[in-house]
Protein chains: 2
Amino acid sequence: MSTDTTPEPAEQPHDAPPARELPAAVQRLWGAAAPRRRGPKPALSAAQIVGAAIDLADAEGLAAVSMARIAEAVGYTPMALYRHVSGKEELLVMMSDAVAADLPDIPADGGWRAGLEAWTRAQIALGLARPWMLELPLSAAPPGPNRVRWIDQAFGVLRPLDLPPDEKLAIIGLLAQHVLGEARVQIESHRAAVQQVRREAGLPDGTPESELDPAAVEAANPYADFETVLSRYADATTYPNLFEAFATWPETAPPTPPDDDIAFGITAVLDGVEAYLRRRGAIPDEGS
Amino acid sequence: MSTDTTPEPAEQPHDAPPARELPAAVQRLWGAAAPRRRGPKPALSAAQIVGAAIDLADAEGLAAVSMARIAEAVGYTPMALYRHVSGKEELLVMMSDAVAADLPDIPADGGWRAGLEAWTRAQIALGLARPWMLELPLSAAPPGPNRVRWIDQAFGVLRPLDLPPDEKLAIIGLLAQHVLGEARVQIESHRAAVQQVRREAGLPDGTPESELDPAAVEAANPYADFETVLSRYADATTYPNLFEAFATWPETAPPTPPDDDIAFGITAVLDGVEAYLRRRGAIPDEGS
DNA sequence: ACTAAAACGCGTAGGCCATAAACAGTAACC
DNA sequence: GGTTACTGTTTATGGCCTACGCGTTTTAGT
């Protein structure tokens with residue numbers, strides 16, 4: 001009735017199409033909550049919680065991220081967190097998006113190929129810097145603002161190309177997939193190398209990497225276990241092709257620096273994208 | 001001091017090269033245990049345990065795989081499992097390898113490209129059939145017999161190519177990475193579609209997919225949430241490229257059947273591999 | 001100014017989970 | 001027959017997430 005400050009229930013800045021009901025988690029992700037407040041101003045905030053959780057994950061891995069540990073880190077009791085975060089699942093989603101804020105800006109004027117390579121490399125670097133990101137449970141949650149911003153940058157790189165947007169999205173998706181796989185493999189081989197160094201030094205499995213000799217880790221052969229297993233248990237009749245291929249490969253292969261591995265994958269995938277673009281006529285044919 | 005029954009530490013059946021000490025988990029994986037036995041013959045076996053665990057994961061997801069549930073399934077107490085498996089981590093590794101036994105045989109006479117495509121597709125299909133495989137924690141564990149067999153098949157496909165084995169391994173690794181990413185993306189969008197159908201039908205989040213209409217899931221748009229979020233919260237100033245790209249894309253894009261998505265990625269990656277092989281001179285140049 | 005509602009942070013408690021340690025029974029070896 | 005190794009079990013510990021209900025604090029509305 002009152003004409004001033006009517007507390008209309010619907011609060012839609014733009015008239016959203018079908019007014020689909022979004023999960024509360026998504027609304028919080030996009031900072032769309034806080035319509036009105038009456039109680040005491042919160043001493044704790046979701047950002048603080050997420051920040052503490054990220055610090056914890058950086059320092060001790062995702063397994064160390066428990067509500068109790070986070071609460072301890074921010075100086076509250078575990079249950080206090082639930083006023084700002086609906087549960088652990090939502091917290092993990094928020095962590096994932098918060099980390100994406102660290103991604104750099106990609107220059108859009110260097111051509112599509114250089115741009116996509118930079119975009120991909122930045123994401124791989126992020127995954128290597130925070131290995132716990134790849135351990136996050138698969139979730140059907142829609143991306144948050146930072147991640148969307150990152151997708152937007154990819155569209156900026158692809159902007160000069162004459163290609164329908166869904167095909168651009170497919171290309172971006174392909175690169176994103178490659179990122180996931182590449183980072184995972186890199187991390188796994190690093191972990192294997194660390195583990196090998198630990199065993200050789202006779203240290204317990206839980207020894208933090210910081211106490212290990214970085215040079216030894218660098219020099220460790222991540223395939224050591226694999227080779228030992230093969231030479232001990234496997235025979236040429238069950239794995240004929242493998243044995244034939246490696247018969248002429250006794251002491252070769254000093255482990256190539258990891259940068260080369262990354263370049264190999266990126267080059268191959270981008271070559272594939274280039275072939276696709278040529279086929280679609282989105283780039284000139286460059287025939288010699 | 002004592003000369004009798006010296007507890008010799010070394011017990012090596014064959015004289016293995018550097019006598020590296022492998023983790024017990026690996027030895028069990030390769031079935032190299034059981035040197036002597038004196039007690040009662042075991043009623044339970046590791047294979048039984050792994051089988052029950054896989055059944056459980058297939059039916060209710062990896063989260064349902066707890067030692068207690070497995071024990072219940074095989075009819076023993078939880079602690080009985082520890083006589084056959086060192087812990088849950090080892091169990092997961094064994095599950096991962098056991099599943100790889102279901103992979104088909106790849107015909108090696110259809111050319112490298114067709115062979116690699118079949119190899120990749122089979123692995124993606126496996127991941128889609130058992131989504132929990134992708135939730136397995138990253139592990140530095142060396143592969144088991146079945147997985148090595150699978151790698152051997154890839155080497156069989158690549159056998160005619162004149163390429164050093166480490167480069168072949170890099171190619172295989174690239175495809176394996178792609179598999180991981182592709183399966184993960186497919187599963188995520190499927191999960192999003194399921195979740196959307198659940199919400200539209202007003203069912204609780206935990207409703208099993210079996211109670212949902214498969215046609216509705218098939219028809220659901222996995223980007224629905226994404227689009228709603230964008231249209232409601234995002235504006236053209238923060239995401240300029242995204243908005244420009246999709247400005248001309250109002251109601252297009254009936255979700256393409258998932259097979260096409262898979263084909264897009266595989267084609268691109270194999271095109272990249274082909275470009276690499278050509279560059280290396282491993283296949284004829286085929287220039288028109 | 002007074003009241004009532006709303007939001008805050010906290011304590012308790014319950015139900016999971018993995019697994020360490022000590023125990024009793026069994027079958028092969030010497 | 002005694003020893004010994006191996007089996008499955010019982011009991012117990014410490015961790016985890018979170019449902020529920022409590023006092024307290026602040027603001028909106030009268």
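Residue numbers begin at 1 in each chain, while the letters A, B, ... track the order of the sequences.
For A/Arg191, the side-chain hydrogen bond (donor to acceptor under 3.5 Å, both in side chains) criterion is met by no residue, not counting sequence neighbours. When the side-chain contact (heavy atoms from CB on, under 4.5 Å) test is applied to A/Val148, the partners found at least two apart in sequence or on another chain are A/Trp30, A/Pro143, B/Phe226, B/Leu230, B/Tyr239, B/Leu242. B/Ala216 meets the side-chain contact (heavy atoms from CB on, under 4.5 Å) test with B/Val197, B/Asp213; sequence neighbours excluded. Under the side-chain hydrogen bond (donor to acceptor under 3.5 Å, both in side chains) criterion, B/Thr238 pairs with B/Asp235, not counting sequence neighbours. For B/His84, there are no side-chain hydrogen bond (donor to acceptor under 3.5 Å, both in side chains) partners two or more places apart in sequence or in a different chain. Judged as a side-chain hydrogen bond (donor to acceptor under 3.5 Å, both in side chains), and not counting sequence neighbours, A/Glu135 has no contacts.
Contact between the side-chain N/O atoms of A/His84 and the OP1/OP2 oxygens of C/dG9 is found at a separation under 4.0 Å.
Between the axis at the start and the axis at the end of the helix from C/dA1-D/dT30 to C/dC30-D/dG1 there is an angle of 0°, using five pairs per end and rounding to 10 degrees.
Within the model, atoms CG of A/Leu134 and CG of A/Leu62 stand 10.5 Å from one another, a figure rounded to the nearest 0.5 Å.
Atom CG in A/Leu81 sits about 10 Å away from atom P in C/dG9, given to the nearest Å. Across the protein-nucleic acid pair, B/Arg38 atom CZ and D/dA5 atom P stand 6 Å apart, rounded to whole Å. Atom CG of A/Leu44 and atom P of C/dA7 are 17 Å apart (whole Å). With rounding to whole Å, A/Ile70 atom CD1 is found 12 Å from D/dC16 atom C1'.
Between B/Gln195 and B/His190, the side chains place no donor N or O within less than 3.5 Å of an acceptor N or O (distance only, hydrogens not considered).
A heavy atom lying under 4.0 Å from DNA chain C marks none of the residues of residues 45-66 of chain A.
Note on residues 75-101 of chain A: pairs passing salt bridge (Lys or Arg N to Asp or Glu O under 4.0 Å), not counting sequence neighbours, are A/Arg28-A/Glu90.
Heavy-atom distances to DNA chain D give each of B/Lys41 and A/Ala68 a nearest nucleotide, and the one nearer the 5′ end belongs to B/Lys41.
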Using a 3.5 Å cut-off and no angle test, enumerate the donor-acceptor pairs between side-chain atoms of residues 70-80 of chain B and protein atoms at least two apart in sequence or in another chain.
none

Would you give me the side-chain donor-acceptor pairs under 3.5 Å for residues 48-60 of chain A, sequence neighbours excluded?
unit_1	atom_1	unit_2	atom_2	d
A/Gln48	NE2	A/Ala43	O	3.4
A/Asp58	OD1	A/Arg130	NH1	3.1
A/Asp58	OD1	A/Trp132	NE1	2.8
A/Asp58	OD2	A/Arg130	NH1	2.4
A/Glu60	OE2	A/Arg69	NH2	2.8

Polar pairs (N or O, both sides) under 3.5 Å between protein and nucleotides 19-22 of chain C?
unit_1	atom_1	unit_2	atom_2	d
C/dT19	OP2	B/Tyr82	OH	2.7
C/dT19	OP2	B/Lys88	N	3.1
C/dT19	O5'	B/Tyr82	OH	3.4

